[in-house]
Structures are given as structure tokens and as C-alpha cells.
Amino acid sequence: MMNRRVPYIISFLLFISIANSVSAKSTYFVIKGDTLWSIALNHDLKLESIIKSNPHVKNPDLIFPGQTIIIPRSYVSREEITLSQKEKKLFLLTNSERQRYGLKPLIIDSTLSYLARQKSIDMLKKEYVSHNSPTFGDSTLMLKAFKIPFKQVKENIGAGYSSAEEIHLSWMDSTVNKANVLDNRATHIGIGYAEGGIHGHYWTIFIIQRIEGGN
């Protein structure tokens, strides 16, 4: 008997202040509260790059204050991050929905999309559907670590929906998810899709109100 994948959708809203900027280094000394993920984001690096450059860290989920972390020089190029066809379709559907209600279209943000995609991949790999990631924490931690200036962030996630049309309709059938998409204060959006895992398809969108003067 074939297992049926059950679709999931969840939404999220949090308010947060601007994160402090951090300069890149060739080495970094761990302080209390650090994770390899936060160190990678603070240096605009992929988590996999940090792990590969630090073979002395036997357990990537366990680092200690005072420990030395090697920071590789290969940085993530935000300009190179492009949307897949499914992500592009969801972007068009989202702005079409906003247009129906007389709202301004959201601006696609490649950094937000990178983070959204990483969240979807994490849900796939670690088999969960939740706003609180065991790897990244919640969306505020992700955006703070990547130094994205915003007044508020809203997050919609879902699993089991194979197309952009399906996940969009599911969000529009949810009062909270729909309100997130139609927030008249929102300015930018990031969209991330991943295929595979126990539910087959994973979706994440971050919708933010960018702080005036932020890029």
C-alpha cells in the first residue's frame, strides 16, 4: 500500500530589530551561544563550507567557547542565487494575489530566497515541518545572522504540495497565511523550494517589511 504524503502548512509572524554587522576573518574564536550555522551566516558562507574547512570539529552540532574555527575565503555570491521555475511561479502567484487587493507587489530578495531555500532543505533532511528549526532556530535568528534589516518578518511554510499553484491555494485557504501574503506593510519576499524527503515537496517564504533606508 502506498504511503500518502500529508500536506502541511504553517505561518509565522515575528518582530525584530536590526542585527549588528560582523567582519569576516581567516580565523574565528567561538563565543558562548555560537553555532557553526551562525558563524557561517555572519561571514556570508555556506554551512557546508565551514564544516569542510574545519575537520577538527568532530561534531558540527557541538562547539565550545574559545574553540578556533577556520573561515574559508570562498564567499556566497548573493547575486548568483536565482529562483527555480517553481519558485518563480509562486512569486508571480503571490504578487498576482496582492494585485487583486490593490496592494503593491513584493520585491524578490535573493538573500531571503537563499535562506528560505535552506530552511526548506533543512525540513526535508531532518523530517520536520515547523517554524523552529533544530539547525537554524526561528526565522528571526536566520535574518539577524545574515544582517538583513527589517521591522517584521512573516513566514509561511508547507510540505506535500507538488506545485506552486497547490501551495499558494493552501495558503490562501488559511486565514493567517493569507494575511501574511496580503500584509500591506510588507515590501520584500524570499522563496525557497526543495524536492524529496518523506513529504516529497517543501516550501518556505519569508515576507518582510524592510527598514527604511535598508537595501
Side-chain angles (χ1 to χ4, degrees), residues 2-12 14 35-38 40-41 44-52 60-61 74-95 97 106 108-146 148 153-174 176-177 180-181 188-208:
M2 183 178 295
N3 292 329
R4 183 180 178 184
R5 292 167 175 155
V6 180
Y8 291 86
I9 58 169
I10 308 178
S11 62
F12 188 63
L14 279 175
T35 64
L36 286 186
W37 165 249
S38 67
L41 288 185
D44 289 3
L45 290 166
K46 292 182 179 180
L47 176 60
E48 294 82 0
S49 180
I50 287 282
I51 293 174
K52 187 175 181 180
D61 295 324
S74 56
Y75 294 94
V76 174
S77 175
R78 301 180 186 182
E79 289 74 20
E80 292 179 0
I81 299 170
T82 57
L83 298 183
S84 67
Q85 290 301 314
K86 288 189 176 184
E87 291 164 343
K88 288 178 182 178
K89 182 62 177 179
L90 183 56
F91 175 56
L92 293 174
L93 290 169
T94 300
N95 273 339
E97 192 73 31
L106 297 173
I108 193 69
D109 184 289
S110 62
T111 305
L112 279 178
S113 293
Y114 170 77
L115 295 181
R117 194 178 297 169
Q118 292 303 306
K119 174 61 180 291
S120 292
I121 292 171
D122 191 58
M123 290 193 295
L124 182 160
K125 289 183 175 179
K126 298 199 171 179
E127 300 183 351
Y128 72 95
V129 184
S130 171
H131 293 295
N132 189 25
S133 162
T135 306
F136 310 135
D138 62 36
S139 59
T140 61
L141 294 177
M142 297 180 76
L143 271 63
K144 283 175 64 179
F146 225 70
I148 297 176
V153 54
K154 299 183 178 184
E155 179 185 56
N156 288 359
I157 59 177
Y161 298 91
S162 62
S163 70
E165 290 85 354
E166 288 175 347
I167 188 64
H168 176 71
L169 287 174
S170 72
W171 286 337
M172 291 307 98
D173 285 337
S174 163
V176 177
N177 285 286
N180 288 348
V181 169
H188 293 70
I189 187 173
I191 301 174
Y193 166 77
E195 183 175 355
I198 59 174
H199 296 300
H201 310 273
Y202 295 81
W203 301 85
T204 303
I205 62 172
F206 293 132
I207 298 175
I208 70 169

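The analysis underlying the following values was restricted to heavy atoms, covering all of them including side chains, and did not include hydrogens, waters or symmetry mates.
- K88 meets the side-chain contact (heavy atoms from CB on, under 4.5 Å) test with L83, Q85; sequence neighbours excluded.
- Y128 meets the ring pair (Phe, Tyr, Trp, His ring centres under 6.0 Å) test with no other residue; sequence neighbours excluded.
- With sequence neighbours left out, the side-chain contact (heavy atoms from CB on, under 4.5 Å) criterion links L124 to A194, Y202.
- Listed by chain and residue number, nothing satisfies the side chain to side chain donor-acceptor pair (under 3.5 Å) test with T94 (two or more places apart in sequence, or in another chain).
- In plain terms, the two heavy atoms of P60 and L36 that are nearest each other are O-CD1, 3.6 Å.
- In the model, S130 has no side-chain atom that pairs as donor or acceptor with a side-chain atom of N132 under 3.5 Å.
- Partner S113 forms a side-chain contact (heavy atoms from CB on, under 4.5 Å) with one of I205, I108, I189, T82 and no other, that one being I108.
- In this structure, K119 and I157 approach most closely via the heavy-atom pair NZ-CG2, 4.4 Å.
- The OG atom of S133 lies 6.5 Å from the NZ atom of K126; values are rounded to the nearest 0.5 Å.
- A side-chain contact (heavy atoms from CB on, under 4.5 Å) with H188 is found for one member of L112, L106, T111 and no other, namely L112.
- Residues meeting the side-chain contact (heavy atoms from CB on, under 4.5 Å) test with K86, sequence neighbours left out: S84, Y193, H201, W203.
- How far CE of M172 is from CD1 of I167: 9.5 Å, rounded to the nearest 0.5 Å.
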Checklist entry - Going through the checks in order, is the side chain to side chain contact (heavy atoms under 4.5 Å, CB included) test met by W37 and M142? => result CA-CA 9 Å; W37 165 249; M142 297 180 76; 3.8 Å; yes
Checklist entry - Step by step, would you call M123 with T204 a side chain to side chain contact (heavy atoms under 4.5 Å, CB included)? => result CA-CA 10 Å; M123 290 193 295; T204 303; 3.5 Å; yes
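- Among residues two or more places apart in sequence or in another chain, the salt bridge (Lys or Arg N to Asp or Glu O under 4.0 Å) test is passed with E195 by none.
- Distance check, rounded to the nearest 0.5 Å: CG of N95 to CG of L92 gives 7.5 Å.
- Distance check: F206 CZ to I191 CD1 gives 12.0 Å after rounding to the nearest 0.5 Å.
- The nearest pair of heavy atoms linking L90 to A164 is N-CB, 3.7 Å.
- The structure places CG of N177 at 7.0 Å from OG of S170, a figure rounded to the nearest 0.5 Å.
- In this view, L169 satisfies the side-chain contact (heavy atoms from CB on, under 4.5 Å) rule with no residue, not counting sequence neighbours.
- The side chain to side chain donor-acceptor pair (under 3.5 Å) search around K125 returns none, not counting sequence neighbours.
- In plain terms, the two heavy atoms of S120 and G192 that are nearest each other are OG-O, 2.8 Å.
- In this view, T35 and S38 satisfy the side chain to side chain donor-acceptor pair (under 3.5 Å) rule, not counting sequence neighbours.
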